[in-house]
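See structure below.
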Amino acid sequence: KEPRQALQSYLLAISKTPKVSENYINAARILREEQFPGQTAEQAKKSQTRNANQADKQIDAMVKASPDSWEARVGRWNYYRKYEVQERKEKPWRFTIASGDVARALELSPGQPEVRLAAAELAQIDGDLIKAREHLQKALQLHRKDPAIYRACAGLELQFVRDEKDKKKKAAGEEKARSWLRLGIQQLKGPAQFEVLWAYATMLLDQNEPQSLEEADQIITKIRQANGLAAGVNFLQARLLFNRQQWAEAAKQLEIARPVLESSEDLANQIDILLGRCYVQLDAPKEQYSTYQRLALRKPNSALAHYGMANAARAMGKINDAMTHYSKLMALRDAPSGIWAERARILIAQARQSSGANRWRAIESTINRAKETLSSFKDPKDRKLAAIELAIIRAEYHLARGEKPQAKKTLQEAKTQHPDRVEPWVALAALLEREQKLDEALKLLDEAEKKLTQPLDQVEIRLARARVYVKQSTKE
């Protein structure tokens, strides 16, 4: 109720003072970030789309009311960057409008730090990092007390070395980024310094190297001593513990921080993503499910959220629930590439328990859909892995139907087509083991060991051989 009341207040303020840009921005933010916990994923998606359209109209009305206001122009740029435009290829018409706003803002007020920051961001998106640096240098000359400038300078240095292969050059660029944040910490006081300290701790945690984690620990202590927001300290401490694989301690800190920080959608999402991963490591599917469920309420089309719920439901034996989420995942653009295989394996297990024409048709449909998507893999390596996985699933399907010759033929063909991959060799050995052809399985694994010399492949072969030896000893 409170967000809706706030929205009405902002809309009333807009009607009385139409040239105050902040009211439009706040109204649009509330519309964009409203949650719909009582609705299904499909209903929530429709509500979010409706709200997004209303928010877009508010932002466009803001610029129409004040076309010569740099605040309105930069406000629309920031809005589109946050909610709509990530790169030029995504909604290019929006990007054209937003980039035009930045150009107009530069004409209107080139000395404003927010204008220079927007111009630097636009230059970065265009790939002109030198121009971006020029904008930030001009901003710094005029406004040395703005924490956003130091954060932007650090981010730019990281972008300079993002694709750098030379380790020394990459390390030098990362050190430049850290030096900008250290300079900001020296130059600033109070809340402004806290903002840069937070950015510095975040950067160190993102790098996740032993030395950077040690320094992050020191920065977090400094934030705590400066009476920084306790929940914020808990969150940073949790990230540190997570990087050190102290799952239980990290989960505890995240649960403490969550009630305070969940008003920020970005932080709430980060917390639930980390919490979900902690509960996976702690083998706590009930907590894992509820965590990813919260994430799905905020982001109904989150592949990560549905995947987390599917795996948790599966671990709890709630197969129908798991299947619901796997089905939703298959309709999402950013779903994990192998999700169809997990769904197919569940369908096969269900078909074994309760055979029926509909179940077999569902499996066949899943396999056929997966085959159709093979051409969509741009990377040949990914395409090969997907083809092998498809062959193994097809073999499992034949086995479930009692069609052992077809299963064996499928795996033999996969081994012939992809002799450099260990998966079809091991799968075929498992089939021979299942048929009690243990000597034949061992012979196949001996052949694989000679052909596949990579350490990880050797490990897989030895594990497969161990399973055959166990079967031999049991048989004897």
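One is the number of the first residue; the rest follow in order along the sequence.
Asp101 contributes atom CG, which lies 13.5 Å from atom CZ of Arg81 (distance to the nearest 0.5 angstrom). For the atom pair CG of Leu240 and CG of Asn243, the computed distance is 7.0 Å after rounding to the nearest 0.5 Å. Considering CG of Asp56 and OH of Tyr83, their distance stands at 11.0 Å, rounded to 0.5 Å. With rounding to the nearest 0.5 angstrom, the CD1 atom of Ile220 is 5.0 Å from the CD atom of Gln237. Going from atom CD of Glu413 over to atom CG of Leu428 covers 11.5 Å, rounded to the nearest 0.5 Å. Expressed to the nearest 0.5 Å, how far CD of Glu433 lies from CD of Gln472 amounts to 10.0 Å.
Tested against Tyr79, the residues Arg29, Arg32, Arg94 include a single side chain to side chain donor-acceptor pair (under 3.5 Å) partner, Arg32.
Within the 3.5 Å criterion, the main-chain N or O of Glu287 finds a donor-acceptor partner in the side chain of Ser290. When atom types are taken as modelled, the side chain of Asp166 and the backbone of Lys168 share a donor-acceptor pair closer than 3.5 angstrom. Using a distance-only test at 3.5 Å, with no hydrogens or angles considered, no donor-acceptor pair links the side chain of His325 to the main chain of Ala305. Side-chain N or O atoms of Thr416 include one that pairs as donor or acceptor with a backbone N or O of Gln412 at under 3.5 Å. Distance alone, capped at 3.5 Å, places no donor-acceptor pair between the Glu114 side chain and the Val74 backbone. Side chain of Thr324 to main chain of Asn320: a donor-acceptor pair is present (N/O by atom type, distance under 3.5 Å, no hydrogens or angles). Side-chain atoms of Glu249 never come within 3.5 Å of backbone atoms of Leu241 as a donor-acceptor pair (strictly under, hydrogens ignored). No donor-acceptor pair closer than 3.5 Å links the side chain of Asn51 to the backbone N or O of Glu34. Side-chain atoms of Thr291 never come within 3.5 Å of backbone atoms of Gly276 as a donor-acceptor pair (strictly under, hydrogens ignored). Remark: side-chain polar atoms of Lys404 are not paired, donor with acceptor, to backbone N or O of Leu399 under 3.5 angstrom.
Side-chain contact check for Trp360 versus Arg401: some heavy-atom pair is nearer than 4.5 Å. Counting heavy atoms from C-beta on, the side chains of Ile461 and Arg465 come closer than 4.5 Å. Within the 4.5 Å cutoff, the side chain of Gln253 has no heavy atoms near those of the Leu236 side chain. The shortest distance between side-chain heavy atoms of Tyr469 and Leu442 falls below 4.5 Å. The shortest distance between side-chain heavy atoms of Gln281 and Cys278 does not fall below 4.5 Å. Using a 4.5 Å heavy-atom cutoff, the side chains of Ile130 and Phe160 are in contact. Within the 4.5 Å cutoff, the side chain of Asp217 has no heavy atoms near those of the Lys222 side chain. Side chains of Tyr292 and Leu275 form no contact here, defined as non-hydrogen atoms less than 4.5 Å apart.
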As a quick check of understanding, evaluate side-chain hydrogen bond (donor to acceptor under 3.5 Å, both in side chains) for Tyr326 and Asn311, giving each step before the final call. CA-CA 9 Å; Tyr326 281 130; Asn311 287 336; 3.1 Å; yes
Quick one: do Asp266 and Gln270 satisfy side-chain contact (heavy atoms from CB on, under 4.5 Å)? Show the steps, please. CA-CA 6 Å; Asp266 181 54; Gln270 289 186 55; 3.0 Å; yes
What do the steps show when you test Ile388 against Lys415 for side-chain contact (heavy atoms from CB on, under 4.5 Å), and what is the final call? CA-CA 9 Å; Ile388 293 169; Lys415 179 176 74 69; over 6 Å; no
Chi angles and distances behind the side-chain contact (heavy atoms from CB on, under 4.5 Å) call for Lys131, His135: CA-CA 6 Å; Lys131 187 176 181 181; His135 283 300; 3.8 Å; yes
Please determine whether side-chain contact (heavy atoms from CB on, under 4.5 Å) holds for the pair Arg462 and Leu445, giving the CA-CA distance in whole Å, both sets of side-chain angles, and the decisive distance to 0.1 Å. CA-CA 8 Å; Arg462 287 167 189 162; Leu445 292 171; over 6 Å; no
For Arg133 and Asp128, run salt bridge (Lys or Arg N to Asp or Glu O under 4.0 Å): C-alpha distance rounded to whole Å, both residues' side-chain angles, the deciding distance at 0.1 Å, then the answer. CA-CA 9 Å; Arg133 178 174 279 165; Asp128 193 342; over 6 Å; no
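A salt bridge is absent between Arg277 and Asp272: the closest approach of a Lys/Arg side-chain nitrogen to an acidic carboxylate oxygen does not fall below 4.0 angstrom. Here Asp446 does not pair with Lys451 in a salt bridge; the nearest charged N to carboxylate O distance is not below 4.0 Å. Lys169 has no carboxylate O lying under 4.0 Å from a charged side-chain N of Glu174, or vice versa, which leaves the two without a salt bridge. Salt bridge annotation for Asp60-Arg76: present, with a cationic side-chain nitrogen under 4.0 angstrom from a carboxylate oxygen. Taking 4.0 Å as the cut-off between side-chain N and carboxylate O, Arg345 and Glu396 count as a salt-bridged pair. A salt bridge is defined here as a Lys NZ or Arg NE, NH1 or NH2 lying under 4.0 Å from an Asp or Glu carboxylate O, and Glu460 with Arg467 fails to meet this definition. Contact check on Arg258 versus Glu255 returns a salt bridge, with a Lys/Arg side-chain nitrogen under 4.0 Å from an Asp/Glu carboxylate oxygen.
Residues Leu117 and Ala148 share a closest heavy-atom pair of CD1-CB, 3.7 Å. In this structure, Leu254 and Ile271 approach most closely via the heavy-atom pair O-CG2, 4.0 Å. The shortest heavy-atom contact between Ala201 and Ala216 is O-CB, 4.4 Å. Between Ala132 and Ala123, the shortest heavy-atom contact is N-CB, 3.6 Å. A pairwise comparison of heavy atoms in Ala322 and Ala310 identifies CB-O, 3.5 Å as the closest pair. Closest heavy-atom contact between Asp321 and Tyr289: OD2-OH, 2.9 Å.
The environment of CG in Leu456 is sparse: at most 12 heavy-atom neighbours from other residues, nucleotides or ligands sit within 6.0 Å. Within 6.0 Å of the NZ atom in Lys176, the count of heavy atoms belonging to other residues, nucleotides or ligands does not exceed 12. Residue Arg383 qualifies as enclosed at atom CZ: its count of foreign heavy atoms under 6.0 Å is above 12. Counting non-hydrogen atoms of other residues, nucleotides and ligands closer than 6.0 Å to NZ of Lys299 gives a total of 12 or fewer. The neighbour count for Trp77 CH2, taken as heavy atoms of other residues, nucleotides or ligands under 6.0 Å away, is above 12.
Between the side chains of Glu403 and His398, at least one donor N or O lies within less than 3.5 Å of an accepting N or O. Counting only N and O atoms by type, the side chains of Tyr200 and Arg178 include no donor and acceptor under 3.5 Å apart. Looking only at atom types and distance, the side chain of Asn368 has no donor-acceptor partner in the side chain of Glu364 under 3.5 Å away.
Each side-chain hydrogen bond (donor to acceptor under 3.5 Å, both in side chains) pair with one or both residues in residues 417-431, not counting sequence neighbours, appears once here: Lys384-Asp420, Arg421-Glu423.
Classification of the Phe242-Trp247 ring pair by plane angle, with boundaries at 30° and 60°, yields perpendicular.
Residues forming a salt bridge (charged side-chain N to carboxylate O under 4.0 Å, His left out) with Glu195 (at least two apart in sequence, or on another chain): Arg151.
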